[in-house]
> 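Quick one: structure below, then a few questions.
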Amino acid sequence: MFFFRMIFRSFSRQFKRRLLIAVTVCLSATVSVAMLGVVFDVGDKLNAELSTYGSNITVQPKADAVVNDLYNTGGDANSNASGTSESDPTTFLKESDAPKIKTIFWAFNITNFAPKLNIHADVNCASESVDSSSCKASGVPIVGTWFAKTLHMDSGESTVAGMNGMRSWWKLDGSWPKDDSAQGLIGTTLASKLGVTKGDTVTLYKTTADGSRNKQRITITGIYDSGDSDNNAMYIPSSTAQVLANLPDSIDKIEVKALTTPDNDLARKASKNPNALTQDEWETWYCTAYPSSIAYQIEEVIPGSVAKQVRQVAALQGDVLQKTQAVMVLMTVLSLVAAAIAVANLMAASIGERGSELALLKAIGATDGAVSRLMLAETAVISLVGAIVGALLGSGVAQIVGHVVFGSGITMRPMVFVLVFVLLTLTVLIASFSSIRSILGLKPAEVLHGR
């Protein structure tokens, strides 16, 4: 009861200094909770943000991957931004196998995917509004793909996949084509060259492998601007491209957009040779959403395929993530250091002003331990109030940061609050140490006599 009475009396004195300690701890808790909350969630947010700029995993036939690795082309030799090459592909995957991507262990991390058949065709205009004599082009890159195809999975679930969600940065004048139709999109460069606009109709001519000459009329529903050489291409439904090229159920590439965990040493080791992993390493790698583990699982379900992560995206993600986390951790550390210095100074000033009170307690029989516990208990109560208020404010600040930077809220994990309270407890204890030492040095007789 003695300590509780002393704590109650202490709160009626030196209100200003106690308030400053509470405010200091509150500000430190606010910054720490906000920054650490973002740190623990920034990986998913950053990944989702970067994934809006296209696929981070590509799937291609194994034969093509071997050639790319042999000649160190990385799949980009003689190709434009759309992934088309100067010549038509000679090895293929089955389009009917593409939906199997949504059956892997990390199926829910696959946010979108789109199969592609890259071919070349001659284009003639078939519109009365366009001079067909000048509207001709040979060897035009044609990309057969999905736009917004609804897939009904064996599990009973449905999903929508296609380029509509893969090319969010495109500037589109018009509307997206319908799948399994005679509609298409044309790039701005090609549209300018041919002199066509949305609503016009063009005719595609393709000489197939057996020597036949196929043609297909395509109605242009929109003109897109990708900002790169992809503007030279035309996108049409994959089924239409397969009929034109006489390549049923054939694709030569699948673009996959997946939410992944940034690579670490284990992921890099696995990407070189998964068979070199120990059993424990294998289980950890396989059950973590690394790009390499997702790619490996895609290869398991699509026969004859090789799945690779887009290194530029993965490297950018890891680099930006590390720097972002480092800045936020540094801000947390600085806020804790500032709080420690402020609390130490405020406690020292408080003890200096209350020297007579503390000396009197020691004079009437209170031990050094009792007086020290009294000051620690008082500081702990004040700090606890400040920490709770700061934790609430920090959660709000984290949500503001999430909506401003990433356009969505931050998921506050319980471990963030536990970690912050532990760090603040250590900070207050360290800050109080020097002040407690000064209490031990108080001599009642000297203090009470004004010496």
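Keep in mind the model is a prediction, meaning the values are calculated, not measured.
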> Are the side chains of Asp252 and Leu117 in contact, using a 4.5 Å heavy-atom criterion?
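Of all side-chain heavy-atom pairs linking Asp252 with Leu117, at least one is under 4.5 Å.
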
> Looking at Ser158 and His152, what are the two nearest heavy atoms and their distance?
OG-ND1, 2.9 Å

> Is it true that Lys269 and Glu281 have a side-chain N and a carboxylate O under 4.0 angstrom from each other?
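Salt bridge between Lys269 and Glu281, a charged N being under 4.0 Å from a carboxylate O: yes.
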
> Keeping Thr221 on the side-chain end and Ser175 on the backbone end, is there a donor-acceptor pair under 3.5 Å?
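Indeed, once roles are kept as given, a pair shorter than 3.5 Å links the two residues.
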
> Pick one: which of Asp173, Thr219, Leu185 meets side chain to side chain contact (heavy atoms under 4.5 Å, CB included) with Lys198?
Asp173

> Is there a side-chain contact between Ser395 and Phe417 (heavy atoms, below 4.5 Å)?
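SC-SC contact between Ser395 and Phe417 confirmed.
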
> For Thr260 and Gln309, what are the C-alpha separation, side-chain angles and deciding distance, and is it a side chain to side chain contact (heavy atoms under 4.5 Å, CB included)?
CA-CA 10 Å; Thr260 61; Gln309 61 178 320; over 6 Å; no

> Should Ile254 and Ile302 be marked as a side chain to side chain contact (heavy atoms under 4.5 Å, CB included) after you check the CA-CA gap, both sets of side-chain angles, and the distance that decides it?
CA-CA 11 Å; Ile254 305 176; Ile302 299 184; 3.9 Å; yes

> Could you walk me through whether Leu384 and Phe421 pass side chain to side chain contact (heavy atoms under 4.5 Å, CB included), step by step?
CA-CA 9 Å; Leu384 179 61; Phe421 275 84; 4.1 Å; yes

> Could you tell me the separation between the OG1 atom of Thr188 and the NZ atom of Lys193, rounded to the nearest 0.5 Å?
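Reported to 0.5 Å precision, the distance equals 13.5 Å.
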
> Stepwise, does the side-chain hydrogen bond (donor to acceptor under 3.5 Å, both in side chains) test hold for Asn124 with Thr203?
CA-CA 5 Å; Asn124 284 350; Thr203 302; over 6 Å; no

> Looking only at heavy atoms, which two atoms of Ile57 and Ala307 are closest? And how far apart?
CG2-CB, 4.3 Å

> Which value, rounded to the nearest 0.5 Å, describes the distance between Met166 atom CE and Lys257 atom NZ?
6.0 Å

> When Tyr296 is tested against each of Trp285, Trp106, Phe105 for ring pair (Phe, Tyr, Trp, His ring centres under 6.0 Å), which residue passes?
Trp285

> Check the pair Thr208, Asp210 against side-chain hydrogen bond (donor to acceptor under 3.5 Å, both in side chains), reporting the backbone distance first and the verdict last.
CA-CA 5 Å; Thr208 63; Asp210 60 7; 2.3 Å; yes

> What closest approach, in Å, do Ala289 and Asn109 show between heavy atoms, and which atom pair accounts for it?
CB-ND2, 3.6 Å

> Whether the side chain of Ser293 engages the backbone of Thr288 through a donor-acceptor N/O pair (distance < 3.5 Å, no angle test) should be reported.
yes

> Counting N and O atoms only, with roles assigned by atom type, does the side chain of Ser305 sit under 3.5 Å from a partner on the main chain of Gln60, one being a donor and the other an acceptor?
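No, the answer is negative, given that no donor and acceptor are paired below the 3.5 Å cut-off.
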
> Would you name the heavy atoms of Ala241 and Gly144 that are closest together and state the gap between them?
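Closest approach of Ala241 to Gly144, heavy atoms only: CB-CA, 3.7 Å.
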
> Looking only at atom types and distance, does a side-chain atom of Asn112 sit under 3.5 Å from a main-chain N or O of Gly162, one as donor and one as acceptor?
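Side chain of Asn112 to backbone of Gly162, a donor-acceptor pair under 3.5 Å: yes, one is there.
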
> Donor-acceptor pair, Lys102 side chain versus Ala107 backbone, under 3.5 Å?
yes

> Dump the intermediate steps for side chain to side chain contact (heavy atoms under 4.5 Å, CB included) on Asp200 and Ile186, then the final yes or no.
CA-CA 11 Å; Asp200 289 340; Ile186 189 171; over 6 Å; no

> Check whether any side-chain N or O of Asp249 sits under 3.5 Å from a backbone N or O of Ser96 as a donor-acceptor pair, and report yes or no.
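Side chain of Asp249 to backbone of Ser96: a pair is present.
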
> Can you tell me if NZ on Lys94 sees more than 12 non-hydrogen neighbours from other groups inside 6.0 Å?
no

> Check for a donor-acceptor pair, side chain of Asp97 on one end and backbone N or O of Val301 on the other, with a separation under 3.5 Å.
no

> Kindly compute the distance separating NZ (Lys62) from CG (Leu93), expressed to the nearest 0.5 Å.
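Reported value, rounded in 0.5 Å steps: 10.5 Å.
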
> What's the spacing between Ile236 CD1 and Gln183 CD if we round to 0.5 Å?
11.5 Å

> When you measure from the side chain of Ser28 to the backbone of Thr24, do you find a donor-acceptor pair of N or O atoms at a distance under 3.5 Å?
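Checked: no pair found.
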
> Asp122 pairs by side-chain hydrogen bond (donor to acceptor under 3.5 Å, both in side chains) with which of Lys206, Arg213, Lys215?
Arg213

> For the side chain of Asn164 and the backbone of Phe147, is there at least one donor-acceptor N/O pair under 3.5 Å apart?
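No; zero donor-acceptor contacts below 3.5 Å.
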
> Using side chain to side chain contact (heavy atoms under 4.5 Å, CB included) as the criterion, point out the one residue from Val59, Ile298, Leu151 that pairs with Phe113.
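Exactly one pass, corresponding to Leu151.
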
> Is there a side-chain contact between Leu424 and Leu336 (heavy atoms, below 4.5 Å)?
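Yes. Closest side-chain heavy atoms under 4.5 Å.
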
> Check Ile110 against Ala258 and note the closest heavy-atom contact, atom names and distance.
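So the minimum-distance heavy-atom pair works out to CD1-CB, 3.8 Å.
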
> Angle class for the Trp176/Trp170 ring planes (parallel below 30°, perpendicular above 60°, tilted otherwise)?
parallel

> Would you confirm whether Ser271, through its side chain, and Arg268, through its main-chain N or O, come within 3.5 Å as a donor-acceptor pair?
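Yes; judged by distance alone, with no hydrogens or angles, the pair exists.
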
> Test side-chain hydrogen bond (donor to acceptor under 3.5 Å, both in side chains) on Thr240 and Gln216; report intermediate values, then the result.
CA-CA 8 Å; Thr240 305; Gln216 176 68 54; 5.6 Å; no

